[in-house]
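See below for the structure under consideration.
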Amino acid sequence: MKISKRDWVQLSSYVDGELNSQELKKIEERLDQEPGFQLALEELRQTKTILQQTPKLRVPRNFFLTPALVGIKARHHPARGYRLVSALMTFLLVGVLVIDIGRGFINMGTMAPAAPRELMLEVVSDSAAEAIEEPALVEAGEEMAADNDAPETEVEAEAREEEVPAPALAAEAPEEGESVGFAEETQGKSTGEATADAAANQADDWQEDEVVEEQIIPSQTNTPESSGTPVPSQPTSAYIPEEEIHQVESIPSIDPFRILEVILGFGALIFGITAWVIRRRKS
Amino acid sequence: MTDLQDQIKKSLAGDLESFNQIILSYQSLVYNQAYRIIGEPDAAADATQEAFISAYKKLHTYRGGSFKSWLLRIVSNACYDEFRRRKRKPVVPLYPEGDEGDEMDSASWLEDPSEKPEDTLVRRELSEAIQFCLDRLEYEFRTVVVLIDIQGLDYAAAAEITDRPLGTVKSRLARARNNLKDCLQGFKELLPQRLRHVGEV
């Protein structure tokens, strides 16, 4: 018996119960009348049964998706940034500490001994003491010059004394006024010239009076040392600029490396704690 | 709200872990569909992975109804792409072979460790015989018969998945069964006892 393609479709649908009532009636009539039709039906049912018993295969692996597979960018953990900054600041802190320690070793090797500074202070104090004694020496020198030189007239002596503060007058002259100062300047100039001559005379007098000074000082001071013992030679005064004096007395500045170390240390600590807190909250 | 609907909702919100739970429930169905259509384990795995990736990206197109049917449609498309790709480059044998040319055992064939060895052998030989006959069908007929007879879907679902009219599905199914019938007759000794004598008048 030959079965057409349409018959096969009808039989296949009949096996699955997919025929409408009209088609179902026709098929059942043919099944009752045609044994071959019945055989074909049985073969189709067998085939369907075999296929329904097809063994289920186990999956070779799990087919889970990852963000990379679906093109999702991984979200960075917020704590990660804080940890990175904390680590970076710690690294920088270590570097600054190493540089600071190395700088300290270098300074220790090239640093001058402390004794010269003490000597400098001693010289400063000595020169300050000498500066106080100078007016007395000047006066003594003047007295000696007056005794040794030709007697001066009283006018000349008064003029010399007045000439001593002339530079001060000349310096004050411009403050009073131009017209007035001009007159006084001219006056100061002429007096200044006389002062320069007087200063030169004073320098000569001082040199001549070195021996006299040594003789005068013990009588003026009246110290036990000056009674019988020889006076030790005074150390020569060294000129100390005012800037250095003020520098010694000034407050030391804060090392910038210390500031940097403090900032980096606190920064690393704060960021590290923040990252830890965020991770704890996340978990 | 069912677990599946809840998982779909979370997956649409971007929760990949929820979608992986869906994969865990349906990966056996999808892999078997892919393997029976393509006939090769590695290609079936690739198609399965591609199908799930596509399903995740197109999850917003699921409008309700049978999620199984919706998923199998995506699988069928992925299998068709893989099938066409392998058709252009037919190099892979049906089953991996060893150095001596004999077939290598694959873990996918060992379904149940607790099963008796003779039962496992019978099931394995039956599976191979069925696959052997499926591979001789044209792609369109193979897809329909796998959907209806192996996966258990009805005609309407198969028509929706394959995007073909109902009459076309009926016709392709009938033709596929007829061809399989003749092929499976050669493996009669592998069939269960109760199925061996059917057809003998």
Side-chain angles (χ1 to χ4, degrees), chain A residues 1-20 22-24 26-27 30-31 34-75 282, chain B residues 14 16-17 19-20 23-24 27-32 35-36 41-42 44-45 48-49 51-53 56-57 106-112 123-124 126-127 129-131 134 145-146 148-150 152 154-155 166-167 170-171 173-178 180-181 184-185 191-192 194-195 198-199 201:
Chain A
M1 175 184 180
K2 190 175 181 179
I3 301 175
S4 66
K5 289 183 181 180
R6 190 174 179 277
D7 292 335
W8 283 115
V9 175
Q10 293 289 326
L11 285 172
S12 177
S13 299
Y14 176 78
V15 168
D16 297 324
E18 293 285 341
L19 294 176
N20 55 33
Q22 191 174 5
E23 293 172 337
L24 182 64
K26 288 182 179 179
I27 288 295
R30 289 190 64 179
L31 287 170
E34 299 176 25
F37 211 68
Q38 183 70 31
L39 182 61
L41 175 64
E42 292 301 321
E43 289 177 347
L44 282 178
R45 283 180 173 164
Q46 180 189 23
T47 302
K48 179 179 177 180
T49 302
I50 293 171
L51 292 173
Q52 287 175 335
Q53 295 179 4
T54 302
K56 289 282 187 283
L57 302 173
R58 292 177 67 186
V59 292
R61 60 179 175 86
N62 285 324
F63 294 94
F64 294 150
L65 298 182
T66 61
L69 277 176
V70 296
I72 297 175
K73 291 184 179 180
R75 294 171 59 185
K282 193 78 173 178
Chain B
L16 196 57
E17 288 305 315
F19 191 79
N20 284 335
I23 291 176
L24 193 61
Q27 62 181 1
S28 179
L29 169 76
V30 172
Y31 177 75
N32 276 270
Y35 179 83
R36 294 303 177 189
D42 292 338
T48 302
Q49 189 71 79
F52 280 124
I53 294 173
Y56 179 77
K57 293 180 177 179
S106 172
S108 62
W109 298 103
L110 301 175
E111 282 190 48
D112 186 3
R123 286 164 59 83
R124 174 183 174 180
L126 179 62
S127 177
I130 292 172
Q131 190 61 45
L134 284 172
V145 74
V146 170
I148 295 175
D149 285 340
I150 296 179
D154 56 16
Y155 284 25
L166 191 62
K170 290 181 178 181
S171 173
L173 179 62
R175 188 169 176 182
R177 283 172 171 173
N178 196 15
L180 286 172
K181 172 179 67 69
L184 287 173
Q185 287 293 327
L191 299 176
R194 57 187 176 86
L195 298 175
V198 174
V201 178

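Order of the sequence lines sets the chain letters (A, B, ...), proteins ahead of strands, with each chain counted from 1. Heavy-atom basis, side chains included; hydrogens, waters and symmetry copies ignored.
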Give the minimum heavy-atom separation between [X] and [Y], together with the two atoms involved.
X         : Y         : answer
Trp8(A)   : Ala174(B) : O-CB, 3.8 Å
Phe63(A)  : Gln27(B)  : N-OE1, 3.0 Å
Leu180(B) : Thr47(A)  : CB-CG2, 4.0 Å
Ile150(B) : Leu51(A)  : CG1-O, 3.7 Å

If you measure from [atom1] on [X] to [atom2] on [Y], what distance do you get to the nearest 0.5 Å?
X         : Y         : atom1 : atom2 : value
Lys181(B) : Glu42(A)  : NZ    : CD    : 12.5 Å
Leu65(A)  : Phe19(B)  : CG    : CZ    : 6.0 Å
Asp16(A)  : Asp149(B) : CG    : CG    : 6.5 Å
Lys56(A)  : Arg36(B)  : NZ    : CZ    : 8.5 Å
Gln46(A)  : Leu184(B) : CD    : CG    : 8.0 Å

*Is it the backbone or the side chain of Ile130(B) that comes under 4.5 Å from a heavy atom of chain A, or both, or neither?*
side chain

*Non-hydrogen atoms of chain A under 4.5 Å away: do they reach the side chain of Val145(B), the backbone, both or neither?*
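Just its side chain gets close to chain A.
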
*Which bit of Arg61(A) is near chain B, if near means a heavy-atom gap under 4.5 Å: side chain, backbone, both or neither?*
both

_Among Leu134(B), Leu24(B), Ile148(B), which residue has the highest count of heavy-atom pairs closer than 4.5 Å to chain A?_
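Ranked by contacts with chain A, first place is Leu24(B).
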
*Just give me the residue among Gln49(B), Arg175(B), Lys170(B) that pairs up with chain A most often, heavy atom to heavy atom, under 4.5 Å.*
Gln49(B)

*Look only at the side chain of Asn32(B) and the backbone of Leu57(A), and say whether a donor-acceptor pair between them is shorter than 3.5 Å.*
yes

*asked:* Would Ile23(B) and Asn62(A) count as a side-chain contact (heavy atoms from CB on, under 4.5 Å) here? Give the steps.
replied: CA-CA 8 Å; Ile23(B) 291 176; Asn62(A) 285 324; over 6 Å; no

